[in-house]
Structures are given as C-alpha cells and as structure tokens.
Undergrad: 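Please see the structure below; I have some questions.
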Amino acid sequence: MSDNSRLYIPAAFLAGVLLALGIRDIYPHLERRYSQGRRKSRNEQLDLEGIEITNEDVADGLKYGLSCNPGPPPIVDGIEGCIGNTPLFRIKSLSEATGCEILAKAEFLNGAGGSPKDRVALGIIKTAEEKGLLHPYSGDAIYEGTVGSTGISLATLARARGYLAHICMPSDQSTEKSNLLLKLGAIVDRVPPAPIVETGHFVNRARALAKSHIPSPESSPVRSSSSTRRHHHHHHHETHEITETPDEDLLASHAAAKQGQGFFADQFENPANWQAHFRTTGPEIFAQCNGKLDAFVAGAGTGGTISGVALFLKPRLPDMTVVLADPQGSGLFNRVRYGVMFDVKEREGTRRRRQVDTIVEGIGINRVTVNFEAGRELVDDAVRVTDAQAIAMARWLVEKDGIFVGSSSAVNCFAAVKTAMRLGPGHRVVTILCDSGTRHLSKFWEKAGKVGGAVDTKLDDVLNAKE
C-alpha cells in the first residue's frame, strides 16, 4: 500500500466524524425550519367566517402550532408580546383521583393583566385601531363595564398603547381589583349592582360615559403623529362611588376637558372577544395536546372563551365534548340544558334580582350575549357548581397541588372533575385557570378561610360539599 493510500483512510475517517458532528449540530436547526414551514402552511389555510390566523398573529406572540416547551421564547415588542402561549399543565391530584388526565391552561400567566382577558383586551383594541375607532397617543379613552379582569387588562394595555381607561364595575366585587385599577392609572366607578335593564347597570353606565366623551372645543388632538407620544395626560384618577342612576349633569362632568374620543369596548357584545380565543387559545390547546383531547370545560361570563375555543376545536375534533361550568344563580346552565334563560330560583319573566347570586366572580350571567351565542350550539353539556363546591375545590387545589387560584378557576376545575367522572378513566379533559387567588382575598378566599397544615381531604368531600 502506498503512502498516499495509508493517509487516505484516516483522513476519510476523520472527515466522516466531522460530518456526523456537523449534521448533529445543525439538525435541530433544520428540524425547526421544517416545523415552522409546516406551521406556516397550516396557518394560511385556517379560516372561519372571514377570521384567519395569519403570520401577523404569530409575530405578535399569538402562535399556532407550537409544541409544549419549545424552548426560550424570542424577544418580543412590549408587554403585548407577553400575552398568549400560556403553559398547559397536568393537575396531578385531580388526574390521579379520577383516572383521567385533567389539564389546566394557565391563563393567569398572561403577562399584561394576568388573565385570559389579556387576549380579549388586545383583540378589541387592535380591531378598534384597524377600524379607526382608536388612535394611539391622541387623548382617546377606553370605557368598559366589567367585574374586574377585563378592566385590569384594558387598563394595562391602554397605558402600553397610548390611551386612558375608565372602568365601571359593581361595588360588590373584591376591592383588590378596583385598587389595582387605580394603581394602573384608570378612573374607576364602583356602582351598585343593578339589572341590565336599568341605566345604572355598570355596563350601561360605561356605554353612556363613552358616548358623552366629546373632545372639548379648545382641544384638537393630532392623530398618528410621533410628537403626540410625548404628550402627558393629567387626569384626576379616583374611585367614584355612585349611589343612584347618573343624571345628565354627572355624565357631562365626566366629559369635560376631554381630548380625543371615547370608545366603548363592549366585551359582552363585541365579536372581537370570541375571535381572540378562536385565533389564539383554541389553536394553542390543540397544538399542546397534539390534537388529542376528549373534553373542554370552561365557565362563561361574556362567553368569549368557551365560544372561541369551541369554534376552533369542534370542527377538528367532532367527537370532543364542550362543557359549560356555571356557578349557582346563573341562567346559562338552563340555556344549555333546556334552551331557556332562567335560574331554578326564579320564574322566567319575573327576574328583578340585582345580580347573579353567588360569591363567584367573573363567570355566570342571566342574559344572552353575542359572544356566548356565537358558540352555544357547540356546547354539549353544563355542570352547575355551588359556592360550597367551588370553595372546597379551591381549598383542595392548594392542599394537594399548591395551586392558588380564584373563584372562577375553582368552578372550572370542579366541572372538569364531574366531566372526567362521566367520561370514565383514560380520557383527557382540558380546562382554564383564569386568575390568581390574590385577586380574591377579600371576598372568595375570605369565606374559604385558611387551608391549614395537616389536612387530608378526600375528593368525595369536595364533590359533596355543603354550605
């Protein structure tokens, strides 16, 4: 064998090793590029009533098709980029107790207002901007009637995008929410609970205030100008305790010295609500579950979450069950079960109670909304949850899993357990954890009390909890 031949063999071996190492190093990169290409193709194909998932949604951090834990997220632009792509995790105690895999979408980790309403608020604002109803840094103000979470998301994103926020909420909601709104620079009106048919209802009041927000003659805001970004708005931010229906003079006083225009977010009737969940929450759940789930369980306040997710998932998983989790005193349970909107405690047509009779905040309602009706036909069943059951489930989640959530999340988890027991072992159930229990300390958790140390609650204790 020649000298050249002796050199050729080790050289070839070395080249092979280097090539193998190089392929190993670049393979993840190639795999990511291939996966991104497939996701892009799927994104461009999805369509429902003109609502498309576009590459712009992906750029905004509202990604479709990501697997669980895809790696460190990229740098995003502003707090808006911290919305969406929340983890889906297994609730170990409930999964073990039922024999089903009960998964929770951690919506309390949305990075602006800390709830699924971040998605809704961003969707409403961006849609209004596209329609020319809002103009950043022009003095425009966003008005909304809310029990808290939507207001917090709107107040946060209003500051991020150059608006002012004016929030109307019932005075019986936890004080943590209104206090947080004030810290975020919003004007807060805490109004007595009232039926929706009355002008004093918090939603009707927000609508009236938005309508009364007319620019004062001496103000002529410049729209879409870079110089307006340096304009500082000096408003007197305070909580207004309203004890009666506002008269015209009071509405006029709120409109005085305003710049820009008023925009009523209208979360209950604005379709941008359910569309936000169709574009983001539904696709995320589908991708995180690799298209394998047997039931989706969620409560409804406006109805945007359950409708948007159902509208995305049902066409792709026709055998999947969608279940409404409804607190006591709400009419939606009967709306799903019997097609009629009334609660067992009252005869239809005689409803004069001032609110849904429950300590649960954020879900439950006694009227039909555009957002709930958008997906109602896809809701297969409903589970009614009493206050005592919600409290027992909230305490269980702390005791067994260290999960500290609010009242609506506890209702969702209780309904998820009931759904799992009905389906039987071996199924996968997904539900929503809406917000942290820290927003419910003065009301729901005040009644729930302290969990304590040496406790050993059984699931039957939760299921059979009484007042």
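Starting from 1, each residue takes its place in the sequence as its number. These numbers come from the heavy atoms of this one structure, side chains and all, not from hydrogens, waters or symmetry mates.
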Undergrad: Do Pro195 and His201 make a side-chain contact, defined as non-hydrogen atoms from C-beta onward lying under 4.5 Å apart?
TA: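 Pro195 does not reach His201 side chain to side chain.
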Undergrad: Does a side chain donor of either Arg376 or Ser307 reach within less than 3.5 Å of an acceptor in the other side chain?
TA: no
Undergrad: What's the verdict on side-chain contact (heavy atoms from CB on, under 4.5 Å) for Phe372 and Thr302, showing C-alpha distance, side-chain angles and the deciding distance?
TA: CA-CA 6 Å; Phe372 184 73; Thr302 63; over 6 Å; no
Undergrad: Can you name the nearest heavy-atom pair linking Leu157 to Ile125, along with the distance?
TA: CB-CD1, 3.8 Å
Undergrad: Applying salt bridge (Lys or Arg N to Asp or Glu O under 4.0 Å), can you list everything that pairs with Glu361, at least two apart in sequence or on another chain?
TA: Lys177, Lys443
Undergrad: Can you tell me how far apart CG (Leu397) and CD1 (Ile91) are? Round to the nearest 0.5 Å.
TA: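 Leu397 atom CG to Ile91 atom CD1 measures 5.5 Å (nearest 0.5 Å).
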Undergrad: Does Val120 offer a backbone N or O that forms a donor-acceptor pair with the side chain of Gln267 under 3.5 Å?
TA: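 No, the answer is negative, given that no donor and acceptor are paired below the 3.5 Å cut-off.
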Undergrad: Should we count CZ of Arg90 as having more than 12 external heavy atoms under 6.0 Å?
TA: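 No, the 6.0 Å shell around CZ holds no more than 12 heavy atoms from other groups.
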Undergrad: Within the structure provided, determine whether Phe296 and Thr431 are in side-chain contact (heavy-atom separation under 4.5 Å).
TA: no
Undergrad: Pair Asp118, Ser153 - check side-chain hydrogen bond (donor to acceptor under 3.5 Å, both in side chains), show working.
TA: CA-CA 5 Å; Asp118 278 359; Ser153 295; 2.6 Å; yes
Undergrad: Step by step, would you call Arg190 with Asp172 a salt bridge (charged side-chain N to carboxylate O under 4.0 Å, His left out)?
TA: CA-CA 8 Å; Arg190 288 176 64 94; Asp172 63 347; over 6 Å; no
Undergrad: Determine whether Leu332 and Leu324 make a side-chain contact, defined as any pair of heavy atoms from C-beta on separated by less than 4.5 Å.
TA: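 The answer is yes, as the side chains (C-beta and beyond) meet within the 4.5 Å cut-off.
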Undergrad: For atom NZ of Lys418, decide whether the heavy atoms of other residues, nucleotides or ligands shown that lie under 6.0 angstrom number more than 12.
TA: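 Atom NZ in Lys418 is not packed in, count stays at 12 or less.
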Undergrad: With a 3.5 Å distance limit and no angle check, can you tell me whether Asn371 reaches the backbone of Ala272 through a side-chain donor-acceptor pair?
TA: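 Side chain of Asn371 to backbone of Ala272, a donor-acceptor pair under 3.5 Å: no, none is there.
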Undergrad: Let me confirm one number: the OG-NZ distance from Ser442 to Lys447, rounded to the nearest 0.5 Å.
TA: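 So the OG of Ser442 and the NZ of Lys447 are separated by 14.0 Å.
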Undergrad: With distance as the sole test, does Asp140 use its side chain to make a donor-acceptor pair with the main-chain N or O of Gly260 at under 3.5 Å?
TA: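 Answer holds: no.
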Undergrad: Return yes if a side-chain donor-acceptor contact under 3.5 Å exists between Glu107 and Asn110, otherwise no.
TA: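 A donor-acceptor contact under 3.5 Å links the two side chains.
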Undergrad: Is there a side-chain contact between Cys434 and Ser115 in this structure, where contact means two heavy atoms from C-beta onward sitting under 4.5 Å apart?
TA: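 A side-chain contact is absent here, since even the closest heavy-atom pair is not under 4.5 Å.
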Undergrad: Apply the test side-chain contact (heavy atoms from CB on, under 4.5 Å) to residues Ile363 and Asp326: give CA-CA distance (whole Å), side-chain angles for both, the deciding distance (0.1 Å), then the verdict.
TA: CA-CA 7 Å; Ile363 58 174; Asp326 210 33; 5.8 Å; no
Undergrad: Donor-acceptor pair, distance only, cut-off 3.5 Å: does the side chain of Arg159 make one with the backbone of Ala155?
TA: no
Undergrad: Can you give me the closest heavy-atom contact between Leu103 and Cys289, atom names plus distance?
TA: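 Leu103 and Cys289 have their closest heavy atoms at CD1-SG, 4.1 Å.
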Undergrad: Excluding sequence neighbours, so at least two apart, what forms side chain to side chain contact (heavy atoms under 4.5 Å, CB included) with Asp387?
TA: Gln328, Thr358, Ile359, Val360, Glu467
Undergrad: Evaluate the criterion side-chain contact (heavy atoms from CB on, under 4.5 Å) for residue pair Leu133 and Thr127; output intermediate values, then yes/no.
TA: CA-CA 9 Å; Leu133 301 175; Thr127 300; over 6 Å; no
Undergrad: Looking at Ser178 and Thr175, would you say the former's side chain and the latter's main chain have a donor-acceptor pair under 3.5 Å?
TA: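 Looks like yes, one N/O pair under 3.5 Å.
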Undergrad: Run the salt bridge (charged side-chain N to carboxylate O under 4.0 Å, His left out) check on Arg207 and Glu269 step by step: do they pass?
TA: CA-CA 12 Å; Arg207 181 186 293 108; Glu269 311 300 329; over 6 Å; no
Undergrad: For Tyr143 and His166, take the angle between the two ring planes, folded into 0 to 90°, and tell me which bin it lands in: parallel under 30, tilted 30 to 60, perpendicular over 60.
TA: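 It falls in the parallel class, under 30°.
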Undergrad: For a 4.5 angstrom cut-off between non-hydrogen side-chain atoms, does Asn85 reach Glu284?
TA: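 Touching, per the 4.5 Å side-chain cut-off.
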Undergrad: Taking 4.0 angstrom as the limit, do Arg335 and Glu373 come out as a salt bridge?
TA: yes
Undergrad: Are any side-chain N or O atoms of Arg395 and backbone N or O atoms of Ala448, one a donor and one an acceptor, separated by less than 3.5 Å?
TA: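 Present.
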Undergrad: Pro327 and Val411: which non-hydrogen atoms are nearest, and at how many Å?
TA: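 What the structure gives for the nearest pair is N-CG1, 4.4 Å.
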Undergrad: Measure the CG-CD1 distance between Leu109 and Ile83 for me, rounded to the nearest 0.5 Å.
TA: 13.0 Å
Undergrad: Taking C-beta and beyond as the side chain, do Leu122 and Arg161 meet within less than 4.5 Å on heavy atoms?
TA: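 Leu122 reaches Arg161 side chain to side chain.
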Undergrad: Determine, for Lys117 against Asp435, whether the closest basic-nitrogen to carboxylate-oxygen distance falls under 4.0 angstrom.
TA: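 No salt bridge links Lys117 with Asp435.
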Undergrad: Could you tell me if the side chain of Val383 sits less than 4.5 Å from the side chain of Val297, heavy atoms only?
TA: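 They are not in side-chain contact.
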Undergrad: Taking Ser174 for the side chain and His440 for the main chain, is one N or O donor matched with an acceptor at less than 3.5 Å?
TA: no
Undergrad: Write down the atom of Gly200, the atom of Val191, and the distance for their closest heavy-atom approach.
TA: O-CG2, 3.9 Å
Undergrad: Kindly indicate, with the supporting measurements, whether the criterion side-chain contact (heavy atoms from CB on, under 4.5 Å) is fulfilled by Ile196 and Glu198.
TA: CA-CA 5 Å; Ile196 187 65; Glu198 295 184 5; over 6 Å; no
Undergrad: Would Arg119 and Thr281 count as a side-chain hydrogen bond (donor to acceptor under 3.5 Å, both in side chains) here? Give the steps.
TA: CA-CA 8 Å; Arg119 303 175 187 264; Thr281 317; 3.3 Å; yes
Undergrad: As a quick check of understanding, evaluate salt bridge (charged side-chain N to carboxylate O under 4.0 Å, His left out) for Lys314 and Asp380, giving each step before the final call.
TA: CA-CA 11 Å; Lys314 271 282 195 174; Asp380 302 290; 2.9 Å; yes
Undergrad: Which heavy atom in Thr156 sits nearest to a heavy atom in Gly113, and how many Å separate them?
TA: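 Looking at all heavy atoms of both residues, the shortest contact is OG1-CA, 4.4 Å.
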Undergrad: Return the CD to CZ distance between Glu144 and Phe202, rounded to the nearest 0.5 Å.
TA: 8.5 Å
Undergrad: Which atoms form the tightest heavy-atom contact between Ile365 and Gly301, and what is the distance?
TA: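 Heavy-atom minimum between the residues: CD1-O, 3.7 Å.
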Undergrad: Keeping the roles fixed (side chain from Ser409, backbone from Val405), state whether a donor-acceptor pair exists under 3.5 Å.
TA: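 Absent.
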Undergrad: Mind checking the CD1-NE2 spacing from Ile306 to His277? Nearest 0.5 Å is all I need.
TA: 11.0 Å
Undergrad: Pairing donors with acceptors under 3.5 angstrom, does anything connect the side chains of Thr86 and Lys105?
TA: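 A pair is found: one side chain offers a donor N or O, the other an acceptor, under 3.5 Å apart.
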Undergrad: Does Arg439 qualify as a cation-pi partner of Phe108, given the criterion of NZ or CZ under 6.0 Å from the six-membered ring centre and within 45 degrees of its axis?
TA: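 Because its charged atom misses either the 6.0 Å distance or the 45° angle limit, Arg439 does not stack over Phe108.
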Undergrad: What pairs with Arg428 under salt bridge (Lys or Arg N to Asp or Glu O under 4.0 Å), at least two apart in sequence or on another chain?
TA: Glu101
Undergrad: Would you indicate whether the side-chain heavy atoms of Leu209 and Arg205 approach each other to under 4.5 Å?
TA: yes
Undergrad: Check whether Asn412 reaches the backbone of Ile432 with its side chain - one donor and one acceptor, N or O, closer than 3.5 Å.
TA: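 Side chain of Asn412 to backbone of Ile432: a pair is present.
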Undergrad: Roughly how far apart are Leu313 CG and Leu378 CG, rounded to 0.5 Å?
TA: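 If I round to the nearest 0.5 Å, the distance is 10.0 Å.
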Undergrad: Is there a donor-acceptor pair closer than 3.5 Å between any side-chain N or O of Asp294 and the backbone N or O of Val429?
TA: no
